[in-house]
Amino acid sequence: MIKTLLVRRIWLIKHRPMTTLMFVLFLPALLYIFIVMGMKNLVVVSLNNVPYDLWVFPGIIFLFSLSSMFTIIYRDMFGFRVYNQSFNLLTLAPKSKFHLIIAILASSIIESIIYAFLAMIVLSFFIESPVDFSFYFIIPIFTTLFLLLIGNIVITLSILTERVSSFIYFIIIFFIFMILGTGIIFELDFFPIGISNILKHNPISMPLIELRNLLFTKNLDLKFVTIPLAVSIIWIFLNTALIKKKLKQ
């Protein structure tokens with residue numbers, strides 16, 4: 001089923017090549033303009049003395065991947081289900097709901113990672129600080145872990161939400177939290193200690209925190225990897241149960 005969904009996405013891309021190209025080329029540039037150029041005069045270096053444009057580089061890729069993942073899952077889960085398109089037919093395929101969730105997540109992550117890699121190349125032309133070659137291997141690995149969590153969250157919202165207005169309302173809140181509460185734009189240490197500790201130990205924040213830790217200090221705390229992974233696996237089973245109950249299949 002993963003192969004089928006990927007072939008379908010390739011077909012969709014072929015029918016909207018300019019939209020996809022503009023998304024991959026212009027969104028990273030816009031994120032650089034509005035984030036890096038707007039913040040680098042306020043935050044010259046991070047608390048670990050890393051130039052801000054280099055420190056925020058992984059955060060921009062995470063934000064770009066988040067936007068990509070949201071668009072894909074919204075179309076495949078919420079849009080097709082609410083507007084009575086092909087989703088119900090997809091659920092009738094001779095595959096378990098568990099395999100359906102896995103297929104949607106895997107195909108969405110693969111597409112988003114490809115976009116993220118292209119975005120890294122585009123963004124590297126704007127970043128003034130030198131980007132180490134290892135970034136292009138390490139960032140996609142942690143982005144995959146991050147997208148596994150994000151995909152599960154969006155799938156849950158897609159299953160539980162019936163109205164477009166409600167879905168948009170929840171997504172706006174979600175994006176505000178992601179931008180301001182996960183360390184994408186500025187360090188969580190800027191918050192009061194109590195709030196900072198809560199945000200740092202949020203599974204959604206952990207992949208980015210540990211990614212920067214690995215890139216800039218060469219240290220790795222496996223706790224910040226295993227916890228998000230464990231939460232994602234449990235969440236897959238939760239979404240499986242939710243979709244079974246929702247569709248009564």
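We number each residue from 1, following the sequence as shown. Keep in mind that the numbers below use all heavy atoms, side chains included, and drop hydrogens, waters and symmetry copies.
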What's the separation between atom OG in S232 and atom CG in N152, rounded to the nearest 0.5 Å? 5.5 Å

To the nearest 0.5 Å, what is the distance between CD1 (I243) and CD1 (I104)? 6.0 Å

Tabulate below the donor-acceptor pairs under 3.5 Å that side-chain atoms of residues 142-150 make, not counting sequence neighbours, or state none.
from: T143; atom 1: OG1; to: I139; atom 2: O; distance (Å): 2.6
from: T144; atom 1: OG1; to: P140; atom 2: O; distance (Å): 2.8

When the side chains of residues 55-63 are checked against the rest of the protein, which donor-acceptor pairs come out under 3.5 Å, sequence neighbours left out?
none

Distance col, row T226:OG1 vs M206:CE, nearest 0.5 angstrom, shows 8.5 Å

What heavy-atom pair brings A119 and P28 nearest, and what distance separates the two atoms? CB-CG, 3.6 Å

Taking L160 as the starting point, is it possible to reach I155 by hopping between hydrophobic residues whose side chains are less than 4.5 Å apart? yes

Please determine whether side-chain contact (heavy atoms from CB on, under 4.5 Å) holds for the pair I204 and I153, giving the CA-CA distance in whole Å, both sets of side-chain angles, and the decisive distance to 0.1 Å. CA-CA 10 Å; I204 301 176; I153 293 172; 3.4 Å; yes

In terms of heavy-atom contacts, does CD1 of I173 have more than 12 from other residues, nucleotides or ligands at under 6.0 Å? yes

Nearest heavy-atom pair of K200 and S205: which atoms, and what distance? O-CB, 4.4 Å

Are the side chain of N213 and the backbone N or O of I209 linked by a donor-acceptor pair below 3.5 Å? no

Pairwise distance NE2(H201) to OG(S196) - rounded to 0.5 angstrom: 9.5 Å

Determine whether L54 and F216 satisfy the following criterion, side-chain contact (heavy atoms from CB on, under 4.5 Å), listing intermediate values before the conclusion. CA-CA 10 Å; L54 190 62; F216 303 130; 4.0 Å; yes

Grouping I, L, V, M, F, W and Y whenever their side-chain heavy atoms are under 4.5 Å apart, do L238 and I234 come out in a common cluster? no

Out of curiosity, N239 CG to W235 CH2, how far, rounded to the nearest 0.5 Å? 7.5 Å

Which atom pair, heavy atoms only, marks the closest approach of L220 to E210? CA-OE2, 3.0 Å

Check the orientation of Y136 and F133. Use parallel for under 30°, tilted for 30 to 60°, and perpendicular for over 60°. tilted

Can you name the residues that form a side chain to side chain contact (heavy atoms under 4.5 Å, CB included) with F125, not counting sequence neighbours? I121

Donor-acceptor under 3.5 Å (D221 side chain, K223 main chain): yes

Which residues pass the side chain to side chain contact (heavy atoms under 4.5 Å, CB included) test with I195, sequence neighbours left out? F191, P192, L199

What pair of heavy atoms forms the shortest contact from I109 to M69, and how long is it? CG1-CE, 3.6 Å

Which heavy atom of I227 sits nearest to which heavy atom of P203, and what is that distance? CG2-CG, 4.4 Å

Residue from T71, I73, I159 passing side-chain contact (heavy atoms from CB on, under 4.5 Å) with V154: I73

Sub-4.5 Å side-chain heavy-atom contact between V36 and F126: no

CA sep, side-chain torsions, deciding dist, call: F175, F70, ring-ring contact (aromatic ring centres under 6.0 Å, His included): CA-CA 10 Å; F175 264 84; F70 162 73; 5.8 Å; yes

Same cluster or not: are M37 and I179 linked, directly or through other Ile, Leu, Val, Met, Phe, Trp or Tyr residues, by side-chain heavy atoms under 4.5 angstrom apart? yes

Set of ring-ring contact (aromatic ring centres under 6.0 Å, His included) partners for F190, sequence neighbours left out: none

Non-hydrogen side-chain atoms of F177 and N202 separated by less than 4.5 Å: yes

Evaluate the side-chain proximity of E111 to I72: yes if any heavy-atom separation is below 4.5 Å, no if none is. yes

Go through the structure and list residues passing ring-ring contact (aromatic ring centres under 6.0 Å, His included) with F26, not counting sequence neighbours. none

Rounded at 0.5 Å granularity, tell me how far CD1 in I113 sits from CG in L118. 11.0 Å

Trace of the side-chain contact (heavy atoms from CB on, under 4.5 Å) decision for S129 with Y52: CA-CA 9 Å; S129 301; Y52 179 75; over 6 Å; no

